[in-house]
S.K.: 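Could you have a look at this structure, given as structure tokens, before my questions?
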Amino acid sequence: MNSSFLLWIGFLAQGLFSARFLIQLVKSEKAGKVLSPVIFWQLSLVASFLLLVYGTFRQDLVIVGGQLVGYFIYIRNLKIQNAWQLFPKWIQLGFVFLPILFLGYLVFHAHYDFRSLVHNPEISGMLLTWGTLGQVIFTTRFVVQWFESERSKESEFPLSFWYISLVGAVLIASYAILRKDSVLFIGQAFGVLVYGRNLMIHYGAANEAKLSFLDRIKSMRMILLLALVGMALFFNLGAWSVTESSEARYAEIAKEMVQTGDWLHPQLMGIYHYHKPPVAYWLTALSYKVLGISPFSARFLLQISVLLQIWLVYKIALIFFRRSNPAFLSAMLYASFPTLIIGSRALTTDTFLALFVLAALYFWFVFLEDKKPWKLLVCYAFLGIGFLTKGPVVLIVPLLIWIYQVLVIKQKMGSFKIHLAGIVLMLGIGLSWFVFLYLEDDRFLNYFLFKHTIDRFATDTFHRGQPFWFYGAVLLGTAFPWVSILLKKIPLKRVDFVKQGALLVMWVLLPLVFFSLSQSKLVLYILPLYSGLAIGAIYYWEKLSDSQQRLWERWQLGFHVILMIVLASLTLIGPKITLNYKFYFIWFMTASLLLTLQKVDIRRMERAVISAFIFTMGLTGMSTYFMSQNPGLTNDTHRVTEWIMKNKPATKEVIIFNKRLPSVLFNSVLEVISVYDGDESLNRETQFQQNKKWESELIDLQSDSAWIIDKAPNNSIWISKEKKELPDLKERGSWMELQVVDGWRITQFQRAE
């Protein structure tokens, strides 16, 4: 059988195994007691049969033998529940006799090396024993379940089943961590949550009221949500290195900040870099000090920032709704927007900025509730920190909301004196670094105010121009159908402008227009809009009729199906794309959970949001394998530096032709000389340099065309884009190509004798 098709069978089986416990848990939550539904055993039987097929064609007696233990227990439970006879006779016979034939084939005809079970050079004896113990304990749970069901003449899960499952899952999960097997860990981590929750349901008081699924887990749902998101965010986070250009730039600046001890003058490759204020660099450098310098450390606090944002959305939504269920759905929906996850995958200022904007808005809304002055001051303090993160852009969303509240809603904004004190506090925090640099060099005011604020908005100085409709398309692609639900409620009548929902619409619409007018556009610039979008979408989603919700849910399901097909077909769409089986394993898990959710009896309102959440968490997991397997497509240069250090160990410095590539510095201890030949990224701003050391590390080839022949080190190693031709040496030297790695050509320069 085709190996790829066989792998898909194995993934499908694992997906069904996960789906069965999801259904069992949801049904138990609704009933207020632990249930043993028929569909659990039906899915178990089908999944186990698929694994038997998989194990037989793989000639793996361990898989087949292990599955047979539970296989006939699944059939027995179906018989006890009078569901076995629902299968046609020929299917019953197939289910019973085919596994026996599979086992017989493996025992008598297949060549199987039993010695390999206990002699695996990749696994120590201690670790193998640990993993085996976990698997044995895990397998016995269904034997215990079968024994108790026979005794009581009723298919049920005894309390011991969940304890055994929990112990076995923890053992196997710890084995997976030691083996660095992320796929095995994912499956067991999901199981630990399910088994633990079933124990809580068992010991909890029975609830006769008809509560929704989310109401049943009300006391722990935010903790559970943050735990699930945290697992997805930190999963495989360090599997790929920093990527060009923004992430590598920020990561390297923070690295040089730690190395030089200068936290007030950010430097990139030895040259002052004042494009952004320093808070993002400070936070990253702090992470380096605690965790060491690595890609994981560079992204660590980004993940914490995302978790805090989700919590803040929940707290703000509570103020709007006065009810925890829609507030929780708002937080879950916010976590489901891919743009939020994009902001956590690579180090930039935008995710930190979104956190400070949300924190400021939270304290603003709670100030409006009780008018306590200290809350308004905290609001302004967070705006000050945001100003110190990315400059005046921190004010856009809050200021537009305040203007709308004052001019349209006629909101009372509190004491002028407190606002004045808050503004002084904000400016004191936000301008502190700018004032410090201005006192050192008065040219800095013009540099930041005009070049990096006014010019960035009004001109395409940084080559980030996009059409006016760009952000509308981004919102539609990353928040469908929720953005459509919200923007359909744009107020048209005068009376509608003062309603609560109108403020949520304007939270999205007004900044969207503002950012669309800007000449500089990147996806993450509009990240602060998504919090208002999440709350507003749930606000209007609640007001839709059941038929309207059904229609939108179908649109979302269709959208997810299309995207899942695209993800599964990536290697066909882009022949250069490489994806391993772990990517497809998570794809199958995600697809199985999404399809299972359509059959689970929970409120349509909750199911739509949970579906969006499952899709995005699956996408997050898949993205880590895409990033780690395709460094050439993601601008990750770590394999370039690895090749140089392995094959040219005497190399102390490299010369990078017509590219900046701070990732080379981040990924190695090599020194770098940059050679400029027209690429805009190497137009460095050196006017603030206090010495001329940079002149030996940044060469302008267009003004000194003879530098290579006259001054370049002989036998030096050069890095250039694969399709970029190196300069013609006119027989005064030669280029010797050594290797092409991920789209980068590694070349050695030799001067003619």
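Keep in mind that the numbers below use all heavy atoms, side chains included, and drop hydrogens, waters and symmetry copies.
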S.K.: Per the salt bridge (charged side-chain N to carboxylate O under 4.0 Å, His left out) rule, which among Lys659, Arg684, Lys721 passes with Asp679?
M.R.: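 The option that passes is Lys659.
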S.K.: Please report the C-alpha distance between Phe352 and Leu302 in whole Å, then the side-chain angles of each, then the deciding distance to 0.1 Å, and finally whether the side chain to side chain contact (heavy atoms under 4.5 Å, CB included) criterion is met.
M.R.: CA-CA 7 Å; Phe352 291 126; Leu302 281 178; 3.8 Å; yes
S.K.: So do the side chains of Phe367 and Trp364 get within less than 4.5 Å of each other, counting heavy atoms only?
M.R.: yes
S.K.: I'd like to know if the side chain of Gln556 and the backbone of Ala608 have a donor-acceptor N/O pair within less than 3.5 Å.
M.R.: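 The answer is yes, because a donor-acceptor pair under 3.5 Å joins these two groups.
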S.K.: With rounding to the nearest 0.5 Å, note down the distance linking OG in Ser611 to CG in Leu594.
M.R.: 6.0 Å
S.K.: With rounding to the nearest 0.5 angstrom, report the CE to CG distance, Met506 to Leu512.
M.R.: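 One gets 11.5 Å once the value is rounded to the nearest 0.5 Å.
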S.K.: Considering residues at least two apart in sequence or located in another chain, which fulfil the side-chain contact (heavy atoms from CB on, under 4.5 Å) criterion with Thr641?
M.R.: Met645, Val664, Asn667, Ser668
S.K.: More than 12 non-hydrogen atoms from neighbouring residues, nucleotides or ligands closer than 6.0 Å to CH2 on Trp402, yes or no?
M.R.: yes
S.K.: How many angstroms lie between atom CG of Leu570 and atom CG of Leu633, to the nearest 0.5 angstrom?
M.R.: 10.5 Å
S.K.: Do any N or O atoms from the side chain of Gln267 and from the backbone of Met257 form a donor-acceptor pair under 3.5 angstrom?
M.R.: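 It does not hold such a pair.
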S.K.: Please work out whether the ring planes of Phe666 and Tyr288 are parallel, tilted or perpendicular, with thresholds of 30° and 60°.
M.R.: tilted
S.K.: Counting distance only, does the side-chain N/O of Asn630 pair as donor-acceptor with the main-chain N or O of Gly632 below 3.5 Å?
M.R.: no
S.K.: Do you know the tightest heavy-atom contact between Val505 and Lys489?
M.R.: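 Heavy atoms of Val505 and Lys489 come nearest at CG2-O, 3.9 Å.
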S.K.: Between the main-chain N or O of Ser681 and the side-chain N or O of Arg660, is there a donor-acceptor pair closer than 3.5 Å?
M.R.: yes
S.K.: So, the side chain of Lys375 versus the backbone of Val366: is there a donor-acceptor pair under 3.5 Å, distance only?
M.R.: no
S.K.: Just by distance, no angles: are the side chains of Arg221 and Ser324 close enough, under 3.5 Å, to form a donor-acceptor pair?
M.R.: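 Looking only at side-chain atoms, Ser324 and Arg221 do form a donor-acceptor pair, the distance falling under 3.5 Å.
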S.K.: Picking from Leu355, Leu358, Leu353, Thr339, what satisfies side chain to side chain contact (heavy atoms under 4.5 Å, CB included) with Leu527?
M.R.: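 It is Thr339, the one option of Leu355, Leu358, Leu353, Thr339 that forms the side chain to side chain contact (heavy atoms under 4.5 Å, CB included) with Leu527.
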S.K.: Do you know which two heavy atoms are closest between Glu244 and Leu661, and how far apart they sit?
M.R.: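 Smallest heavy-atom distance, with atoms named: OE2-CA, 3.1 Å.
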S.K.: Between Thr616 (side chain only) and Phe613 (backbone N and O only), is there a donor and an acceptor less than 3.5 Å apart?
M.R.: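 No.
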S.K.: Between Arg299 and Glu247, does at least one N-O distance fall below 4.0 Å, as a salt bridge requires?
M.R.: yes
S.K.: How far does CD1 of Ile535 sit from OG of Ser330, to the nearest 0.5 angstrom?
M.R.: 5.5 Å
S.K.: Less than 6.0 Å separating the ring centroids of Phe480 and Phe559?
M.R.: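 Between Phe480 and Phe559, the centre distance is under 6.0 Å.
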S.K.: Quick check: Phe382 with Tyr362 (ring centres under 6.0 Å apart)?
M.R.: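 So the answer is no for these two rings.
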S.K.: Do you know which of Leu567, Ile586, Thr590 makes side chain to side chain contact (heavy atoms under 4.5 Å, CB included) with Leu619?
M.R.: Leu567
S.K.: Take Trp507 and Leu400, measure what side chain to side chain contact (heavy atoms under 4.5 Å, CB included) needs, and give me the verdict at the end.
M.R.: CA-CA 8 Å; Trp507 184 335; Leu400 289 173; over 6 Å; no
S.K.: Show the numbers, then the answer: is there a side-chain hydrogen bond (donor to acceptor under 3.5 Å, both in side chains) between Ser287 and Thr284?
M.R.: CA-CA 5 Å; Ser287 180; Thr284 309; over 6 Å; no
S.K.: Kindly indicate whether the side chain of Leu237, heavy atoms from C-beta on, has any atom under 4.5 Å from the side chain of Leu233.
M.R.: no
S.K.: For Val609 and Leu333, work out which heavy atoms get closest and say how close.
M.R.: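 Smallest interatomic distance, heavy atoms only, reads CG1-N, 3.8 Å.
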S.K.: Can you classify the ring geometry of Phe444 versus Trp433 as parallel (below 30°), tilted (30 to 60°) or perpendicular (above 60°)?
M.R.: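 Perpendicular: the ring planes of Phe444 and Trp433 meet at over 60°.
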S.K.: If I compare all heavy atoms of Phe235 with all of Thr624, which pair ends up nearest, and what's the gap?
M.R.: O-CG2, 3.5 Å
S.K.: Do Ser518 and Tyr525 meet the criterion of a side-chain donor-acceptor pair at a distance under 3.5 Å?
M.R.: no
S.K.: Would you please indicate if the ring centroids of Tyr250 and Tyr281 are separated by under 6.0 Å?
M.R.: yes
S.K.: If you take the centroid of each ring, where Trp contributes its six-membered ring, are Tyr274 and Tyr272 closer together than 6.0 Å?
M.R.: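 Between Tyr272 and Tyr274, the centre distance is under 6.0 Å.
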S.K.: Mind checking whether Trp541 and Trp482 have ring centres under 6.0 Å apart?
M.R.: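 Yes, the ring centres sit under 6.0 Å apart.
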S.K.: Any heavy-atom pair between the side chains of Lys488 and Tyr540 that's under 4.5 Å?
M.R.: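 Side chain of Tyr540 against side chain of Lys488, heavy atoms only: no contact under 4.5 Å found.
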S.K.: I need the minimum non-hydrogen distance between Ile310 and Leu340, along with the two atoms involved.
M.R.: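 Looks like CG1-CD2, 4.3 Å.
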S.K.: Stepwise, does the side chain to side chain contact (heavy atoms under 4.5 Å, CB included) test hold for Ile341 with Ser344?
M.R.: CA-CA 5 Å; Ile341 304 304; Ser344 73; 4.1 Å; yes
S.K.: I'd like to know whether His275 forms a side-chain hydrogen bond (donor to acceptor under 3.5 Å, both in side chains) with Glu685, so could you lay out the CA-CA distance, the side-chain angles of the two residues, the decisive distance to 0.1 Å, and finally the verdict.
M.R.: CA-CA 10 Å; His275 288 207; Glu685 292 156 345; 3.2 Å; yes
S.K.: If I take atom CH2 from residue Trp587 and atom CE from residue Met622, how far apart are they, to the nearest 0.5 angstrom?
M.R.: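 Result: 8.5 Å between the selected atoms.
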S.K.: Kindly indicate whether the side chain of Tyr314, heavy atoms from C-beta on, has any atom under 4.5 Å from the side chain of Met222.
M.R.: yes
S.K.: Are side-chain heavy atoms of Trp263 and Pro278 found at a separation under 4.5 Å?
M.R.: no
S.K.: Has Lys289 got more than 12 heavy atoms of other residues, nucleotides or ligands less than 6.0 Å from its NZ?
M.R.: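 No.
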S.K.: Is the side chain of Gln309 donor-acceptor paired with the backbone N or O of Thr351 at a distance under 3.5 Å, no angle test?
M.R.: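 Between the backbone of Thr351 and the side chain of Gln309 there is a qualifying donor-acceptor contact (under 3.5 Å).
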S.K.: Aromatic ring centroids of Tyr380 and Phe363 under 6.0 Å?
M.R.: no
S.K.: Quick test of your reading of the model: are Arg323 and Glu542 salt-bridged, counting only N-O distances below 4.0 Å?
M.R.: yes
S.K.: Does Tyr471 use its side chain to pair, donor to acceptor, with the backbone of Leu522 at less than 3.5 Å?
M.R.: yes
S.K.: Please name the pair of heavy atoms, one in Thr637 and one in Ser663, separated by the smallest distance, quoted to 0.1 Å.
M.R.: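 Reported closest heavy-atom pair: OG1-OG, 2.7 Å.
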S.K.: Please report whether the ring centroid of Phe320 lies less than 6.0 Å from that of Phe365.
M.R.: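 Yes, they do, as the ring centres are separated by less than 6.0 Å.
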S.K.: Between Asp262 and Leu264, does the side chain to side chain contact (heavy atoms under 4.5 Å, CB included) criterion hold? Intermediate values first, please.
M.R.: CA-CA 6 Å; Asp262 186 348; Leu264 293 175; 4.0 Å; yes
S.K.: Any donor and acceptor pair, going by atom type alone, linking the side chain of Lys276 with main-chain N or O of Thr349 inside 3.5 Å?
M.R.: no
S.K.: Calculate, to the nearest 0.5 Å, the distance between atoms OG1 and CG belonging to Thr620 and Asn236 respectively.
M.R.: 12.0 Å
S.K.: Just by distance, do the side chain of Ser569 and the backbone of Ile565 share a donor-acceptor pair under 3.5 Å?
M.R.: yes
